[in-house]
2 protein chains.
Amino acid sequence: MIKYMEIHAELLRRISSGVWVIGELIPNEIVLAEEFSCTRPTVSRALGMLVDAGLIERKKRVGSRVMQRATRAAVFKIAIVRNEITARGNSYAYLLLERKIMHPPAHVRAAFGDQDALYVKALHFENNMPYQLEDRWINLAMVPQASAQDFQIQSPNEWLLNAIPYSRAEHVLRAAKVNQKQAENLQLAVGEPVFIIERKTWQEEKPVTIVTLLHPAHKFRIVTQDVGM
Amino acid sequence: MIKYMEIHAELLRRISSGVWVIGELIPNEIVLAEEFSCTRPTVSRALGMLVDAGLIERKKRVGSRVMQRATRAAVFKIAIVRNEITARGNSYAYLLLERKIMHPPAHVRAAFGDQDALYVKALHFENNMPYQLEDRWINLAMVPQASAQDFQIQSPNEWLLNAIPYSRAEHVLRAAKVNQKQAENLQLAVGEPVFIIERKTWQEEKPVTIVTLLHPAHKFRIVTQDVGM
DNA sequence: AAGTGGTCTAGACCACCGC
DNA sequence: CGGTGGTCTAGACCACTTG
């Protein structure tokens with residue numbers, strides 16, 4: 001129904017089915033506009049989407065060509081842990097383990113600067129079994145109102161989402177063996193594998209929080225989808 | 001310089017800094033067009049980008065409002081393993097372990113149908129240490145020319161990227177302990193953690209290949225970035 | 001110089017949906 | 001009914017890059 005989407009879909013088909021070969025110039029925008037009985041800006045919009053997806057390259061005075069795909073981009077969504085669990089129809093529970101304002105370790109100071117920060121450790125349960133161990137530092141220079149929160153009922157995760165609704169984040173995903181302390185919290189044997197998400201969050205380029213999320217490996221997975229195709 | 005990007009950046013700032021509150025209607029497009037001294041389609045384009053990023057909701061007859069962010073979307077890129085390793089300045093090596101046309105297990109038959117498929121197992125080395133164990137099924141109904149490939153020199157990963165350049169994929173990311181056989185291949189002790197990527201690939205809705213990629217946990221991580229902000 | 005992309009304007013038409 | 005968004009057209013101007 002929407003013209004630029006139709007055009008985009010058809011061009012996508014021509015690329016993925018090999019009608020247009022990698023490295024080859026595709027017809028210019030005027031020709032495509034005639035073919036699809038529309039104006040050039042409409043074709044241009046469809047081509048722009050293909051550029052965003054990394055499928056073609058457009059060059060003035062030269063034309064557009066199908067690109068060699070060097071990397072595959074995938075996207076995944078991270079929900080609030082409470083919603084993730086209840087969406088599966090399971091019961092959710094939360095337990096605060098520790099909350100303290102103190103001098104943070106070097107890797108946190110590197111982001112926040114050399115000042116005290118709020119440390120919070122908490123557990124999230126699915127069907128009364130530990131699902132996620134949350135280990136978090138909060139930058140009090142950015143979120144001073146956090147020092148008035150006790151985090152007994154509401155997890156820092158959810159509280160922060162309301163206090164700092166929109167922020168930029170970077171994640172590191174990795175696997176490891178649990179150490180002694182983590183194993184006790186997660187009710188695992190020492191050395192069992194965990195899936196770890198490390199997240200750093202900024203608001204307007206200033207660091208807000210650094211969190212490490214540990215999940216028992218057998219209970220956690222991330223599912224993604226290609227972007228663009 | 002580009003007007004709709006400027007407008008997008010400014011609107012983003014107003015959302016992330018809290019000038020516009022969650023749930024609140026933002027000025028309508030005509031008002032914004034006047035403010036930014038442009039026409040309505042230009043404003044509309046900037047708003048469209050905010051919708052794509054999941055930051056606002058637009059409703060006809062009502063207006064646009066800042067949305068409560070329920071999930072965080074992150075994107076990561078997966079490069080060809082050879083490029084990933086050489087980009088770090090390290091040496092890359094490849095070794096074929098097994099190649100056989102045979103009747104696949106149930107989870108592969110569920111995707112490919114009940115027919116023989118090509119199984120390939122191979123190792124990718126970084127600085128002469130195992131980095132990735134590739135365990136792959138190839139759908140010969142989709143890629144019959146794969147049966148003529150011996151995969152002694154070129155990995156199925158790279159070969160497929162040329163044979164089927166553009167395809168849709170889904171990934172599952174998880175962690176686990178290595179079993180006996182995998183541990184031997186990866187030169188790990190049994191029970192060590194591995195980071196696993198499972199990828200299914202389609203071309204025009206038809207399954208092409210199913211692959212499991214195992215990485216020693218201490219050598220592998222995925223780094224992502226937020227989309228939209 | 002000329003052909004290609006990239007963007008914007010001005011205006012239009014329509015769909016949706018609350019009143 | 002009328003106000004909001006969503007899209008498209010027709011035309012324009014400019015930037016870039018090759019010849």
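In this text the structure is predicted, and so the values were computed from the model without any measurement. In what follows, every chain begins at residue 1, and chains take the letters A, B, ... in the order their sequences are listed. Heavy atoms only: backbone and side chains are in, while hydrogens, waters and symmetry mates are out.
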Dot-bracket for DNA chain C, 5' to 3', counting Watson-Crick or G-U wobble pairs under 3.5 Å, with [ ] for crossing pairs and | for inter-strand pairs? ||||||||||||||||||.
Apply the test side chain to side chain contact (heavy atoms under 4.5 Å, CB included) to residues B/R174 and B/E198: give CA-CA distance (whole Å), side-chain angles for both, the deciding distance (0.1 Å), then the verdict. CA-CA 8 Å; B/R174 59 189 184 90; B/E198 292 167 348; 2.8 Å; yes
If you apply the rule side chain to side chain contact (heavy atoms under 4.5 Å, CB included), what do you find for B/V143 with B/V208, and how did you get there? CA-CA 7 Å; B/V143 206; B/V208 173; 3.8 Å; yes
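Checking A/S37 against B/P27, the closest nucleotide of DNA chain D that is more toward the 5' end is the one next to B/P27. Nearer the 5' end of DNA chain D, as judged by each residue's closest nucleotide, is the contact made by A/R45, out of A/R61 and A/R45.
Salt-bridge annotation for A/K219 and A/E126: absent, with no side-chain N of the basic residue lying under 4.0 Å from a carboxylate O of the acidic one. Using a 4.0 Å cut-off between charged nitrogen and carboxylate oxygen, B/E10 and B/R13 count as a salt-bridge pair.
A donor and an acceptor atom, one from each side chain of A/E158 and A/Y94, are nowhere located under 3.5 Å apart.
Aromatic ring orientation, A/H215 versus A/F195: perpendicular (interplanar angle above 60°, classes split at 30° and 60°). Note on ring orientation: taking the six-membered ring where Trp is involved, the planes of A/W159 and A/F151 are perpendicular (angle over 60°, cut-offs 30° and 60°).
Rounded to whole Å, the distance from CE on A/M1 to C1' on C/dC16 is 14 Å. Straight-line distance from the CZ atom of A/R40 to the P atom of C/dG3: 14 Å, rounded to whole Å.
Chain B approaches DNA chain D within less than 4.0 angstrom (heavy atoms of the protein), and the contacting nucleotides run 5' to 3' from D/dG2 to D/dC8.
Residue contacts for B/I2: at a heavy-atom cut-off of 4.0 Å it reaches the sugar-phosphate backbone alone, with no base atom in range.
Smallest separation of non-hydrogen atoms from B/R199 and B/A169: CG-CB, 4.1 Å.
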